[in-house]
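Before any comments, here is the structure.
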2 protein chains.
Amino acid sequence: MARTTGSDGEKTEAAVREAAVNLIARLGYEAMSMRQLAAEVGVQPAALYRYFPTKEDLLFTLMREHMEGLLEAWSAARPANTDPVSQLAAYVENHIAFHIERRHATHVSNMELRSLSHERLTQILKMRTAYEKELRKILRDGAEAGAFEIDDTGLTAMALIQMMTGVIVWFRPGERLSIAEVTGSYLSMTMRLVGATISHGTARPFGRAGDAVAL
Amino acid sequence: MARTTGSDGEKTEAAVREAAVNLIARLGYEAMSMRQLAAEVGVQPAALYRYFPTKEDLLFTLMREHMEGLLEAWSAARPANTDPVSQLAAYVENHIAFHIERRHATHVSNMELRSLSHERLTQILKMRTAYEKELRKILRDGAEAGAFEIDDTGLTAMALIQMMTGVIVWFRPGERLSIAEVTGSYLSMTMRLVGATISHGTARPFGRAGDAVAL
DNA sequence: GAATTAATTGAACGTTCGTTTTATTAATTC
DNA sequence: GAATTAATAAAACGAACGTTCAATTAATTC
């Protein structure tokens, strides 16, 4: 056989990406074979090479697009001309929503960095650093404005990001907690952690979590 | 050739363990070959199988001993009959000290779980859960005693552990911050995060970080 | 409807993998 | 110092790996 009826390059490539994210998240990049991936897509191994010249190209594409998506999501969610507390709240909400929605892709982007070539690793890390820089700026602005009490901006940013991203390790949609509840709790913990003393105006129903932000 | 002069089983096994932790942390379990490991130790691949019957046995041994070490470290560090704030402080200090000291082993234990058989994975996760349970108990006791203000004990415990363990991702000994400074900052952030309102009596030099614990 | 392009199969390549087997030598025991 | 045990080397096993190549068929273009 050769070309199959109804075959479509775009659809196949999309199927490859989706299957790859899931398989790599579950098995790890090194442990996933191109044969397994092909079987999951329902295609012969050789067909994969029409879309991705090497296995590493596939990994890099997934990672790059994940990071681009994260930066774009924050660009769209970032509030303009507001106080640091509101900005921090927006950052936390965007971060958690994005990562819960893309658990598998986040897993891949965080765990498989060592499988990239040096050049491509640098490229991904550059994007990650840019994203973290946004948080550091919010924290610095807030500290200077007296809205936060922070020891070390860089250290606090890393601690917050690791805390928030950690959500994907234990959170499962549809279990004990809803996304809104989780987000509310993390928002509350974040505000306490940075010593936020000024209300950020939003009167959302965080329950006890909301009260903790020193409204 | 065969047995080499001066060869010693205990020393070789120790060398294998140490090299394995470093190689797996750097390359990943799947990416590290037994041949690479043997070369690092200065031995032929077949010699490894005298000490570890399979590659997975080697991984499991490293992980199990790491987790046992963590539980033992906490057992030794856990203060008896003190207030929840002091207990939490001890937990944070022990956790960070242990993880900074064993960065590579922690990396292995956290990242390579999926390479274990189901049975062994369960065994490791049981130890991990037991360790996390200790933190949850401290948080619950503190919340009941009015020393902490916590939304959700389980969620807070996960957030704290992920935040603390994250230290190994960015911390490098001998760079900008000392271990004491990092520990102080994390202690401060932890106490704020859980809404600690009672001093825990220790007057250590955390600087501004210490002040933040509402002394 | 012929020519061209897109999509895929099937088979194979050389390499590397974890592991086993057998032989050999050093250290220890008696 | 002979017998035994401990520790390794050397070579090989079959299986799986990422990838390539040529052939083949579906869809599209003209």
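Lettering follows sequence order; numbering is per chain, from 1.
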Is the ring pair B/His99/B/His66 parallel, tilted or perpendicular, if the boundaries are 30 and 60 degrees? perpendicular
Rounding to an integer number of Å, can you tell me how far B/Leu27 CG sits from C/dC17 P? 11 Å
How many whole angstroms separate atom CZ of B/Arg35 from atom P of C/dT15? 14 Å
With the side chain defined as heavy atoms from C-beta on, B/Lys55 is closest, among D/dA10, D/dT19, C/dT19, to C/dT19
Shortest non-hydrogen contact from B/Ile168 to B/Arg172? O-NH1, 3.6 Å
Criterion side chain to side chain contact (heavy atoms under 4.5 Å, CB included) against A/Val194, the qualifying member of A/Ile138, A/Thr156, A/Val85: A/Thr156
Between B/Leu58 (CG) and C/dC17 (C1'), how many Å, whole number? 16 Å
For A/Tyr29 and D/dC17, what is the distance between atoms OH and C1' respectively, to the nearest whole Å? 12 Å
Minimum-distance nucleotide to A/Ala46 side chain [options: C/dG10, C/dT8, D/dA9]: C/dG10
Kindly check if the number of other-residue, nucleotide or ligand heavy atoms within 6.0 Å of CD (B/Glu18) is above 12? no
Counting heavy atoms from C-beta on, name the nucleotide in D/dA6, D/dT25, C/dT19 closest to the side chain of B/Thr54. C/dT19
Atom-to-atom span, CD of B/Gln44 to P of D/dA7 - whole angstrom: 17 Å
Using a cut-off of 4.0 Å on non-hydrogen atoms, how would the nucleic acid contact of B/Tyr51 be classed: base, sugar-phosphate, or nothing? sugar-phosphate
To the side chain of A/Thr5, which of D/dT8, C/dT8, D/dA26 is closest? D/dA26
Return yes if a side-chain donor-acceptor contact under 3.5 Å exists between A/Asp151 and B/Ser185, otherwise no. yes
Tell me: CD of B/Glu30 to P of D/dA16, nearest whole Å? 14 Å
Show me the dot-bracket string of DNA chain C, counting Watson-Crick or G-U pairs under 3.5 Å, with | for pairs to another strand and [ ] for crossing ones. ||||||||||||||||||||||||||||||
Rounded to whole angstroms, how far apart are CD on A/Glu13 and P on C/dA7? 10 Å
OP1 or OP2 of D/dT8 less than 4.0 angstrom from a side-chain nitrogen or oxygen of B/Thr12, does that happen here? yes
Within less than 4.0 Å of OP1 or OP2 of C/dC17, is there a side-chain N or O belonging to B/Ser33? yes
Interatomic distance, B/Tyr49 OH vs C/dC17 P [rounded to whole Å]: 11 Å
Classify the ring geometry of A/Tyr91 against A/Tyr131: parallel below 30°, tilted from 30° to 60°, perpendicular beyond 60°. parallel
Could you tell me how the ring of B/Tyr186 sits relative to the ring of B/Trp170: parallel (under 30°), tilted (30 to 60°) or perpendicular (over 60°)? parallel
